[in-house]
Structure formats: C-alpha cells, structure tokens
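Hydrogens, waters and symmetry mates play no part in the numbers below; they use all other heavy atoms, side chains included. Positions are given from 1 along the sequence.
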Amino acid sequence: MPGPRRSVLVLLVAVTAALVLPTLAHAQTSEAKVSVAGPTTPYLPNAVNEPALAIDANHPNVLAGGGNDLVDSAPCNGSSCDLTPDIGISGIYFSLNEGASWTQPTYTGLTARSGTPQLGPIHTLPWYYENGMSSHGDPALAFGPRPNANGTFSWANGSRLYYANLAFPIPGRAPFTGASAAAVSRTDNVAAAAAGDKSTWMAPVIVTRQNAALLSDKEDIWADNAASSRFFGNVYVCNTAFRSVGGPPEPIMLSASGDGGSTWRQRQLTSATSSAQSGGRQGCAVRTDSTGVVYVVWEGTAGGRSVFYLARSFDGGSNFEQPRPVANVVDVGLPDPVSGRIVFDGLAGTRTDSFPSLDIANGAPTGTGATNTLVLTWPDAQAGLNHEQALVQTSTNQGLSWSTPVNATQGADRPDNPAVAISPTGSDLYLVYNAYLQPFQTTTANPRRMQGVVRHANLSAAGAVGAWSTLHRGAVGDARGTTRTLNREAVYDYNYAAATRTYGAAVWMDVRNAADCPAVDAYRQSLIDGTPITPPAPLTDCPAQFGNEDIYGGTYSDPTP
C-alpha cells in the first residue's frame, strides 16, 4: 500500500538571463510518471529502465531525468525483440515544478516507432543521428554553473545541464573508433529544451579517448556546483574502459573538463589488468566536496573479494591518490544459465549488481553550511540469499574512515538497485530502491512482485545515521511482465536520488503497468529446463501491455525540518 503522502514546498522560481520560469504551484502528490511519452503498447516502445536524476542546485524547482528509453524503437518483429539498430535510447525528461509533473519533449531525429527507420519525431536526446551516432543509454545527468564568454563560471550566468550517456557509431559514418564511447550533451536553456526546442542543445561531445577495440561503459557525471570550490564549474566523467569489446582488461577512467564540457582530459585511475587476483572493475560514481576535492568510487576486488575503491584528487582531476578499499561488499544475485547474467528475482529474471551510489553534502549552490559528509549505499548479500540489505555508510573526514554500515531496508523487503542522496548541509538522507516481495524463484510459474520504495533518515553532525522511515511505497507490479530479448526480464541496473536543502527526490523503475505473458513464461521455463521451445511473438502471443516498464518519481519534503 502507498505510504503517507507528503506535499512538496512551493518555491518562487529564480529568474536569470538563461532561464525564466513562472511561479508554480505544486501538486499534492508523492509520485508522478516520468517517462510520459512512452506508449502503453506495444513492446519495444513501451519499455524504459535505468533512470537518472539531477536537480539544479541554484533553481531547485528544476529537475532533469534520463533513462534507457525504447520509445523511438520499432515494435517486435515476430520473436525478434532486440534493439533497433541506429535508433537512440537516451530518454530525456524535465520537471519545472519540483517533480510534481514531468514532460518528455519531442525533437527530430531517426525513429523506428512506425516499424521502419526514418527521420521524424523522437523523444530521446537530439543531434546524435546528425553527428553519425545513436544515443545508447546508461544515462547520468548533472547541473552546474554556466561559463561566460571569458570562461568564468558563475551562477549569475545561468545553469548548464550535462547529460552523459553511451554513444554507438552508425556504420559508415565513423564519428569515433571503437564499439562505444562516453558522450556528453549540454543545454543552457532547460525551459526551451523542455518545450521541444532542439536548437537549445549543443552537439554531443565525445569524452573518452577511443581506439578500435574500446567499449566504454557505465559512466557517471558530476559538475562541481559549490561556488566555494576552487574548481567551481569543472565537470567530471568516470567510466569503465573495456579494451577488448566487453571484456578485460578494464581500467577505471576519469575525464575532466574546465571549459564547460567542450574539451576533456583523461586520466587512468587503475591498472588495466584483470585477473583472478585483481578481478574486474565496474560501476563508478563521482562527486565533489565544497572545496573541490574529487571523489571517485567503483567496485573492484581485493584479496579475492569484492570491495569498493576510493580515489581522490585535490587538483581538479589532474592527479589522483592511490586508490584504496573503503567498503567490503558481498554481491547480490545468482548466476543465471539462461541469460548468462547475475539475476536478482529468479532465473531468467532481473539483472543485478552491487555497484555503489555516492553523494556528498557540499553545500551547493554556494557551499554555505557544507559538512562534506560522504555517503555510500549498495545492495549487499552478507546475510544470504533472500535476506539482502541496502547498506549505508558515511564518512566525515573526506573518506579516510567510514562508519559501520547500517541497513536501510524496510521489513522483509529484498532491496535492489538502491541509490542515496544527502542534503547539501548533511542533515538528511533520502534513499530509493526496488523492493522484491518474494524469495528467489527457480521457475517462472509464480508472480515476481516488486515496487519502488523511498526512505528517509536524519544524519547527525558526527555522521551517525538515525532511524529510517518510509516516505513512499509505489504500486506493486510483476517483473515477469518486462523483457529483454525474451530470455530475461528488463529491470536493471540502477535507480537514482537527489536532494536539496528542503526536499529529496527519487526516480525508480516501475512495473505496475506491465502485463505478464504466459507464453513468454513458458519459453523462459523451457530455457531453464534445457529443453527450448519455439519463442513466442509478443505482438500476437502476449497481452497488449506486455513489456510495459516505466519510470516513476517522487519529491518529498524533509519530514523533520
């Protein structure tokens, strides 16, 4: 059942040279659909996952979101339900009223929603097709100050939105070498971008140094948004660089820009070697504190077990300390012989990982009141299968030492894909996760019920996490009703949270509108049993709303101001 409804505060919207918005009244609601342009039918265009979120610290009524959105893709062709080649999937969403409602703008580009690729209306990032690429998801967004003509950053110049995602080259166009690159799109006029003005977006910039064998993956972006920082306005992108198209070696990379995202310099933070001892590396997160220290966290291996590593830079990302472990991790999920992935809810199920979510109380937008407390969360299986936890730990001394992790989960929830945000003054934590309500399933016979959950805790000046309370529980759905190439479900790899001085916001993957398909269940079961049957054709063999996966979000006033 839904938790208590909490209204968001009504704020006066700041007026700057770059953004002029009216005063807005806020809906008295604790959630809203974010991916509003997606159709309810058919699959593929009705599917979206991996939501991301950013709040403009200088205009906290303004939010931007992203997701892996198949809204422009072609419907399934028989049993073939793979992504449509060269069609962008990086969805873009805006809220100008603190998340009370959302818009998904319409631009022009390459679309296949009618079944055939053609130029037409799109609901994903613009200017990729025109530049020989397709936007290919793994979204990460950040707001920072806009530079003036002399390159000086100030909030008085307005705000700049950065949207990082993967880019795939369109065959024959050769915009870069390699299988995928990390690219960044930018706009200085969110109101116009939200209204569908394509011209307000700058052409995407390739961030990563590419070579023919490189697959860049799982990037994160952050803009130094505290005016007290000596590197105020710098932008940072971290990513994993797979140097053999999807496999090892795989170093963590950090790219930095001091000119508003036009040019980038890149640093390698780890060795490239991947072995039984060093393991792999994946799932980075990057943030800055009020003085401009850069923190990068990722999952790796030490002593044969999973850990989170932390690397810090004190000179704007030019040089980094030696990475060191800051958390021990027991990865969630089990190997799935059907998909070859690690899955959370059951065989042929939802892909999972134990990647970190990081945030810092940096006092944005001014730096005033910053505690520079760091907070980390991740899904952990130290208590065993079906007893997973969303662990949270904090540091009040720039990551040198950390509190004992605490479990932020409500009741018997099995939490996956948790994300955490800390208020700029370090007093409040907001956490979101997908709660699975049943044990791990070895068959596809039973529903796999899940819902989005948002929680809150106060934080002491010493970094001690107080009691957790639930702000919201979303509607329950059946994860079996989602799909990815028919042999597995499509709820993965992360949710997202952000916070201001007065409220927290979250976005999560939501399956309330997804219809289970018995024909797909039977097909997946045949794969589990090792006796494959003919795959079904979803458009004729399944309910119309099969595959219908959405992004929902909510904003929640500080319950203990």
Side-chain angles (χ1 to χ4, degrees), residues 34-51 66-93 104-139 165-173 175 179-180 196 198 204 339 351 481-492 509 511 513-517 519-520 523-524 534-551:
V34 177
S35 51
V36 292
T40 56
T41 64
Y43 185 71
L44 298 162
N46 65 355
V48 56
N49 64 13
E50 294 189 357
N68 294 345
D69 197 333
L70 308 190
V71 61
D72 299 324
S73 299
C76 292
N77 181 11
S79 61
S80 176
C81 295
D82 208 352
L83 299 181
T84 311
D86 306 330
I87 300 299
I89 67 169
S90 296
I92 175 66
Y93 325 101
Q104 187 172 358
T106 302
Y107 304 118
T108 57
L110 192 66
T111 179
R113 191 157 163 177
S114 66
T116 304
Q118 56 189 288
L119 293 180
I122 63 172
H123 301 283
T124 51
L125 284 176
W127 297 119
Y128 275 79
Y129 174 74
E130 293 86 344
N131 286 277
M133 303 178 283
S134 62
S135 64
H136 215 76
D138 279 8
N165 71 142
L166 301 182
F168 281 15
I170 294 176
R173 303 282 294 277
S180 68
K198 180 178 176 179
S339 64
R351 190 174 83 188
T482 69
T483 194
R484 180 70 179 89
T485 61
L486 294 189
N487 70 343
R488 62 187 186 271
E489 297 157 16
V491 182
Y492 56 79
M509 294 171 281
V511 298
N513 297 314
D516 178 50
C517 178
V520 170
Y523 173 66
R524 291 173 180 165
T534 301
L539 299 192
T540 57
D541 298 336
C542 295
Q545 290 191 319
F546 173 68
N548 194 2
E549 183 177 0
D550 302 309
I551 296 171

Colleague: Nearest 0.5 angstrom please: Asn68 CG to Asn165 CG, how far?
Modeller: 9.0 Å
Colleague: Looking at CG of Asn49 and OG of Ser35, how far apart are the two atoms once the value is rounded to the nearest 0.5 Å?
Modeller: 10.5 Å
Colleague: Is there a side-chain contact between Leu125 and Tyr107 in this structure, where contact means two heavy atoms from C-beta onward sitting under 4.5 Å apart?
Modeller: no
Colleague: When you compare the side chain of Val491 with that of Thr482, does any pair of heavy atoms fall below 4.5 Å?
Modeller: yes
Colleague: Determine whether Leu110 and Tyr128 make a side-chain contact, defined as any pair of heavy atoms from C-beta on separated by less than 4.5 Å.
Modeller: no
Colleague: Judged by atom type as modelled, is there a donor-acceptor pair below 3.5 Å linking the side chain of Thr111 to the main-chain atoms of Ile122?
Modeller: no
Colleague: Is any side-chain heavy atom of Asp550 less than 4.5 Å from a side-chain heavy atom of Asn548?
Modeller: yes
Colleague: Measure the OG1-CZ distance between Thr41 and Phe546 for me, rounded to the nearest 0.5 Å.
Modeller: 13.5 Å
Colleague: Using 0.5 Å steps for rounding, measure from the CG atom of Leu166 to the OG atom of Ser90.
Modeller: 7.5 Å
Colleague: In Å, rounded to the nearest 0.5 Å, how long is the span from CD of Glu50 to OH of Tyr492?
Modeller: 6.5 Å
Colleague: For Ala112 and Pro75, which heavy atoms make the closest approach, and how far apart are they?
Modeller: O-CD, 4.1 Å
Colleague: What are the two closest heavy atoms between Gln104 and Val36, and how far apart are they?
Modeller: OE1-N, 3.4 Å
Colleague: Start with the C-alpha gap between Thr106 and His123, add the side-chain angles, then the distance that decides, and say whether side-chain hydrogen bond (donor to acceptor under 3.5 Å, both in side chains) holds.
Modeller: CA-CA 5 Å; Thr106 302; His123 301 283; 3.3 Å; yes
Colleague: For the backbone of Pro45 and the side chain of Arg113, can you confirm whether one donor and one acceptor N or O come within less than 3.5 Å of each other?
Modeller: no
Colleague: Between Asp69 (side chain) and Gly91 (backbone), is there a donor-acceptor pair under 3.5 Å?
Modeller: no
Colleague: Looking at every non-hydrogen atom in both residues, tell me the closest pair between Tyr43 and Arg484 and how far apart they are.
Modeller: OH-CA, 4.0 Å
Colleague: Please check: side-chain N/O of Arg488 versus main-chain N/O of Thr483, any donor-acceptor pairing under 3.5 Å?
Modeller: no
Colleague: Examine distances only and state if a side-chain atom of Lys198 and a backbone atom of Trp127 form a donor-acceptor pair shorter than 3.5 Å.
Modeller: no
Colleague: Might you point out which heavy atoms bring Ser73 and Ile89 nearest each other, and give the distance in Å?
Modeller: OG-CG2, 4.5 Å
Colleague: What pair of heavy atoms forms the shortest contact from Asp86 to Pro171, and how long is it?
Modeller: OD1-CD, 3.4 Å
Colleague: Hey, does the side chain of Glu549 reach the backbone of Gly547 with a donor-acceptor pair shorter than 3.5 angstrom?
Modeller: no
Colleague: With the side chain counted from C-beta on, respond yes when Ile87 and Ser134 share a heavy-atom pair under 4.5 Å apart, and no when they do not.
Modeller: no
Colleague: Quick one, Leu70 and Leu83 - any side-chain contact, counting heavy atoms below 4.5 Å?
Modeller: yes
Colleague: For side-chain contact (heavy atoms from CB on, under 4.5 Å), just list the numbers for Thr124 and Ile92, CA-CA rounded to whole Å, side-chain angles, deciding distance to a tenth of an Å, and then say yes or no.
Modeller: CA-CA 6 Å; Thr124 51; Ile92 175 66; 5.9 Å; no
Colleague: Indicate yes or no: does Glu130 engage Arg173 in a salt bridge with an N to O separation below 4.0 Å.
Modeller: no
Colleague: Write down the atom of Asp541, the atom of Cys517, and the distance for their closest heavy-atom approach.
Modeller: O-SG, 3.6 Å
Colleague: Between Thr108 and Pro126, is any pair of side-chain heavy atoms under 4.5 Å apart?
Modeller: no
